[in-house]
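To start, the structure under review is shown below, and the notes come after it.
Since the model is a prediction, treat every value here as computed from it, not as a measurement. Just follow the structure's listing: the first ligand is 1, and inside any ligand the first atom is 1.
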Amino acid sequence: MTGPESAPDRSLHRPATHDPRSTAFPCDTHTHTARCGHATGRDDEFVEAAVACGLGAIAVTDHLPFYWLPREEHDLSLAMPPEELPRYVDAVLELKERNRGRIEVLLGIEADFVEGFEGELADQLARYPFDVVLGSEHWLDGWCVDDASSIPRYQQGRAEVDRIWTRYAQAVVAAARSGLFDVLAHLDLPKKFGFRPSEAFAGREADVVEAVAASGCAVELSSGGLRKPVGEEYPGPGLLRRLVAAGAPLVLSSDAHAPAEVGFGFGDLVASAVAAGARETLVFRGRRRTPVPL
Ligand code: ZN
Ligand code: FE
Ligand code: FE
Ligand code: ZN
């Protein structure tokens, strides 16, 4: 893993023409902006943080507005309002332009997959020139998997925890098969507060691995979980190994909600990816993938 190519001397001046392979890490594929209502910092501070930690690219992937709910039911502490979306796109495109030759800024979005609303989501995604679209499963049957207010659900006991994981797995399989996403985000999100499925879930995990591999979607290896009660990357080492073995490509991501979190734990992520058997990660531009060797 060490060598002149993978560990460049960052004190050297940057090349005029940008090449992700010449930087320490190719891309942070999952970052937010203050527009979502639960992130802090200015857009340009996220980009400067990406430059400072030696990233070749940063994908800005804020939460897509609640397209499956009527406007009055949108929770603006979880996603930007619909009228903000075009301004978000313009701001990221301007950052992309302004930083050209210095760091690559990619226009992305983190979109919830909600069964029954695939057409609405496809319409939203077709409207803007996204480089990368992340698919997430935060909402299961109207409740939020990763919100602290949901902890009492998990505390109902083993049977309920398994039921949640089973339902979650069904939703992830459907998201993978939808063809709407480039990358599937935090693939084992229900573990966030430390509630793990029992052995009985093993079969469902095999379904997830098979569907993800068959879909061609990339999977994010995210350091976000390291900053959560579970204290583990998404996906955890076992699931990551099975995904890589099944042929699922990886991207690296921090899920930064503050500039200081950009590139968080990327050294660990690369080590985990290599330990799981991965040999490359992907960078998406215009929703097309470019492999970059690890
Ligand atoms: Zn968020
Ligand atoms: Fe998410
Ligand atoms: Fe996110
Ligand atoms: Zn996220």
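Distances from the Fe ion (ligand 3) to the N/O/S atoms of Asp255 are shortest for OD1. As for His30, its N/O/S atom nearest the Fe ion (ligand 3) is the one called NE2. Sorting the N, O or S atoms of Glu110 by how far they are from the Fe ion (ligand 2) puts OE2 first.
The backbone N or O of Gln124 sits nowhere less than 3.5 Å from a side-chain atom of Tyr67 that would complete a donor-acceptor pair.
Between His38 and His63, the side chains place a donor N or O and an acceptor N or O closer than 3.5 Å (distance only, hydrogens not considered).
Among the candidates Lys192, Arg227, Arg196, the single residue satisfying the salt bridge (charged side-chain N to carboxylate O under 4.0 Å, His left out) test with Glu232 is Arg196.
If you put the vertex on the Fe ion (ligand 2), NE2 of His138 and NE2 of His186 sit 100° apart, to the nearest 10°. Atoms NE2 of His257 and NE2 of His63, as seen from the Zn ion (ligand 1), are separated by an angle of 130°, to the nearest 10°.
Coordination check, His38 versus the Zn ion (ligand 1): passed, since an N/O/S atom of the residue sits under 2.8 Å.
Legend: residues meeting ring-ring contact (aromatic ring centres under 6.0 Å, His included) with Phe193, ordered by chain and number and at least two apart, are absent.
Listed by first and then second residue, the side-chain hydrogen bond (donor to acceptor under 3.5 Å, both in side chains) pairs involving residues 265-281 are Glu233-Ser272 (not counting sequence neighbours).
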